[in-house]
Number of protein chains: 4
Amino acid sequence: MSPRTESQNAEIREKTRATILESALALFAIRGFHGTSIDAIASHAKISKGLLYHYFAGKKKILEAIIYNGLAEIETLFADTAVIEDPFQHIAVLIERSLTLADSNEHFWRLYISLLLQPDVWADFQTKFLAFAESTTDLMERLFRDAGVENPREEALLLLAIFDGVGLHAIINRDGYPLAAVKNLLIKKYGQKRLL
Amino acid sequence: MSPRTESQNAEIREKTRATILESALALFAIRGFHGTSIDAIASHAKISKGLLYHYFAGKKKILEAIIYNGLAEIETLFADTAVIEDPFQHIAVLIERSLTLADSNEHFWRLYISLLLQPDVWADFQTKFLAFAESTTDLMERLFRDAGVENPREEALLLLAIFDGVGLHAIINRDGYPLAAVKNLLIKKYGQKRLL
Amino acid sequence: MSPRTESQNAEIREKTRATILESALALFAIRGFHGTSIDAIASHAKISKGLLYHYFAGKKKILEAIIYNGLAEIETLFADTAVIEDPFQHIAVLIERSLTLADSNEHFWRLYISLLLQPDVWADFQTKFLAFAESTTDLMERLFRDAGVENPREEALLLLAIFDGVGLHAIINRDGYPLAAVKNLLIKKYGQKRLL
Amino acid sequence: MSPRTESQNAEIREKTRATILESALALFAIRGFHGTSIDAIASHAKISKGLLYHYFAGKKKILEAIIYNGLAEIETLFADTAVIEDPFQHIAVLIERSLTLADSNEHFWRLYISLLLQPDVWADFQTKFLAFAESTTDLMERLFRDAGVENPREEALLLLAIFDGVGLHAIINRDGYPLAAVKNLLIKKYGQKRLL
DNA sequence: TATGAATGAGCCTTCATTCAT
DNA sequence: CATGAATGAAGGCTCATTCAT
């Protein structure tokens, strides 16, 4: 057999890497970082332990890659909302997308909250996240201020807390949670001139 | 010499037991269940590993005792609010107490959210908690209905999500979070006839 | 209350000591020396661990006392057979008593065979036992020689092996073993002029 | 570099597995199951503790494998005797092989008797063994009946007890035991028309 | 005489990581 | 690129023994 071409190899690499990350995320999310073994990840990804170490230097590096990817995805999701001019519509879109995110990225969500609660696993992440949260809060505060709302800072903090709270409940209750109804209620409350 | 009296022993046992539970909670909260070793708990409690097993049959039993105590404490906190007649005042008191709880019982709070997110550790807890959540939601829904609010079920779900969301943020940000201001905003929004 | 008299104390001591030894024997016999914990012995004897150490300096000392008692009992059992003059009758009585012993002292029997097979537990015992076996073999050999049997040494070794073999099977099969029938067969074979 | 071929791995596994079983048997036999640590087995086999668990899921599984192998070996040893037509010769061959076995498989022998005496370690084995013993007894009874001997059942039970009794003594006395002489005596007694 | 809290060494087992192929 | 055998440290748990009362 002829050897693989370089681009074939690159493709394989990328695919294997993705498989590992998906497997690790699925397990970390449900069992936690310490509760997930390298063996379990390799099994889930259907590769050997040795190969896994070819792709990632250690368990923590896998976690780092997951977080990196996850945050990037989130940033992408919100990147194009900046062009929305009307602050109320902007807020409505943020509500819509945030809650959709919790629904579609359940695993990442579980992991990310867990990591925030247990800073011991990876203190770095704490810092990185707080920076992200800070900038999001600032954006939201600006929107509320532009909308002429009283106490824009507190309203911003509250709405962001609502995102996490609703996301949390939606994930925990899973099938039983009326996410759409709650989302609508929120949009009704926030997506118009007079805050309810 | 005569042996210790039974009450002397009971006192010793109660004290040591409490120390162990406190130590375990402090560690579980920050490092997670799997991330906390029995050794660490024993060291923190300043007792030997062996003695720890004299008090608890295993790591999981410690967790169970912590959860049991924690839930009992929470139920106590809300037990006497039933007598409040005015639904708005009732809601205001619930807001007040819930958020105070997150602040004062930070460790339990961290642990409890983590457990909900990682059902693998103790599936039992999931069930027990969902029942608790269900009954709380029902109570809250009734209050909103009594208050003549539209969509009482969704409003109830939302407010409970807010409790957890704000609690989460308060805990994560710790010193930087203006919990009092957010609490006031909430009370202003919910503690009066016309929901804002 | 008046203090106990010295003789009352002595009585208590003797009784407690016996209880401990019985409990230990029952457990050692079934679970083995290493498989039996001090805790288990104390529980079985319904006394505290501390008290147990008042009576015996350690686990091994308990074993020693058990062996000592057991061997003494066996020696007693055979002591008065020396007066029997007819070698065939003598042999018949030895068969009778040996096999009865296995039946009545099951626990000691189990323990004693186990110790012989696992000399590591207590090498001392090995020596002590071999001496006992040697003297028993000599006695038996003399009986066979007096009876005019060919190969008295080998016959002696064989008969003693039969004792242990039958005892072993009787114990292992317990209820299902026709010990009486086998005993009769043996007495028929050995208790008469012409060996069968 | 390419990974080891499957057959290379199989060879390694088989070899290491055998080493572990041999080491474990040697130690279990002398010190008993509870008296033998995993550490001791690994040291004896000159592998790491971790590797041992790569091969066996636990201490008990090692024991099971040993028993399984041992019983298979014994069954092999007796499998081809069925063709012998003359019952006396058949019995003589069984005597020969049984006692040779005790001599050559000393370790397994020690272990197997110990396990029978201490059913607590592995109750399953008890059952499995009793079935084996039952079928052996049936075979032997048939032989005695074919040979026209009186009380064939009791004679069968007795001879099997003799196997175990002589084996036991041969093992305990080790170098000092005239196994050949006793074996000859037995063959003289049993290997001919008129039982002695 | 009697109790049971307390200790620490050691045991069984798991797991992140390395290495030979 | 890929495998799985191998290691060693650490984790959960047990247990003989000591000690204060």
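Throughout, protein chains are lettered first and strands after them, A, B, ... in sequence-line order, and every chain is numbered starting at 1.
- Comparing B:Asp39 and D:His54 along DNA chain F, the residue whose closest nucleotide (by nearest heavy atom) sits nearer the 5' end is D:His54.
- The nearest pair of heavy atoms linking A:His34 to B:Gly35 is ND1-CA, 3.3 Å.
- Where C:Ser48 and A:His34 meet DNA chain E, the nucleotide closest to each residue was compared, and C:Ser48 sits on the side nearer the 5' end.
- Here the side chain of A:Glu73 pairs no donor or acceptor atom with the backbone of A:Gly70 at under 3.5 angstrom.
- Residue contacts for C:Ile38: at a heavy-atom cut-off of 4.0 Å it reaches a base atom on one of the strands shown.
- We find that C:Glu106 and C:Arg110 are joined by a salt bridge, their nearest charged nitrogen and carboxylate oxygen being less than 4.0 Å apart.
- Rounded to an integer number of Å, the gap from CG of D:Leu27 to P of E:dC11 is 13 Å.
- In this structure, B:Glu6 places its CD atom 17 Å from P of E:dA2, rounding to the nearest Å.
- Distance alone, capped at 3.5 Å, places no donor-acceptor pair between the D:Arg31 side chain and the C:Asp120 backbone.
- For B:Leu111 against B:Ile66, the heavy-atom pair with the smallest separation is CD2-CG2, 3.8 Å.
- Backbone-only contact: B:Tyr55 has heavy atoms under 4.0 Å from sugar-phosphate atoms and none from a base.
- Helical stems of DNA chain E (runs of at least 3 Watson-Crick or G-U pairs, donor-acceptor distances under 3.5 Å) are listed by first residue: E:2-21 with F:2-21.
- Of the listed nucleotides (E:dA16, E:dT1, F:dT3), F:dT3 has the atom at the smallest distance from the side chain of A:Ile47.
- The side chain of D:Tyr53 places no N or O atom within less than 4.0 Å of a non-bridging phosphate oxygen (OP1 or OP2) of E:dT14.
- Atom pair A:Phe56:CZ and E:dT17:P shows a separation of 13 Å (rounding to whole Å applied).
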Let's go through A:Glu64 and A:Lys60 carefully: what are the C-alpha distance in whole Å and the side-chain angles of both, what is the deciding distance for salt bridge (Lys or Arg N to Asp or Glu O under 4.0 Å) to 0.1 Å, and is it a yes or a no? CA-CA 6 Å; A:Glu64 284 178 25; A:Lys60 214 160 200 174; over 6 Å; no
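- Closest contact between the side chain of B:Lys59 and the listed nucleotides E:dT13, F:dC13, E:dA16 involves F:dC13.
- Nucleic acid contact class of B:Thr5 (heavy atoms, under 4.0 Å, all strands): none.
- Annotation: side chain of C:Ile30 is not in contact with side chain of D:Gln118 (no heavy-atom distance under 4.5 Å).
- Between the CG atom of A:Leu51 and the P atom of F:dA5 there is a distance of 16 Å, given to the nearest Å.
- Annotation: of the two residues near DNA chain E, A:Ala57 and B:Gly50, the 5′-most nearest-nucleotide partner is B:Gly50.
- Relative to the side chain of B:Ser37, the nucleotides F:dG12, E:dG4, E:dT13 differ in distance, and F:dG12 lies closest.
- Rounding to whole angstrom units, NZ of residue D:Lys46 and P of F:dT7 are separated by 13 Å.
- Applying the 3.5 Å distance criterion, the base of E:dT13 shares a donor-acceptor pair with the side chain of D:Lys49.
- Residue-level contact check: B:Ile12 touches the backbone only, with heavy atoms under 4.0 Å from sugar-phosphate atoms and none from bases.
- Each of D:Arg13 and B:Arg4 has a nearest nucleotide on DNA chain F; the 5'-most of these lies closest to D:Arg13.
- The distance from atom CG of D:Leu52 to atom P of F:dG8 is 14 Å, rounded to the nearest whole Å.
- When side chains are defined from C-beta on, B:Leu115 does not count as touching B:Phe129, because their heavy atoms never get closer than 4.5 Å.
- Spacing between atom CD of D:Glu14 and atom C1' of F:dA5 amounts to 15 Å, rounded to whole angstrom units.
- The nearest whole Å value for the distance from the CG atom in D:Asn9 to the C1' atom in F:dA2 is 12 Å.
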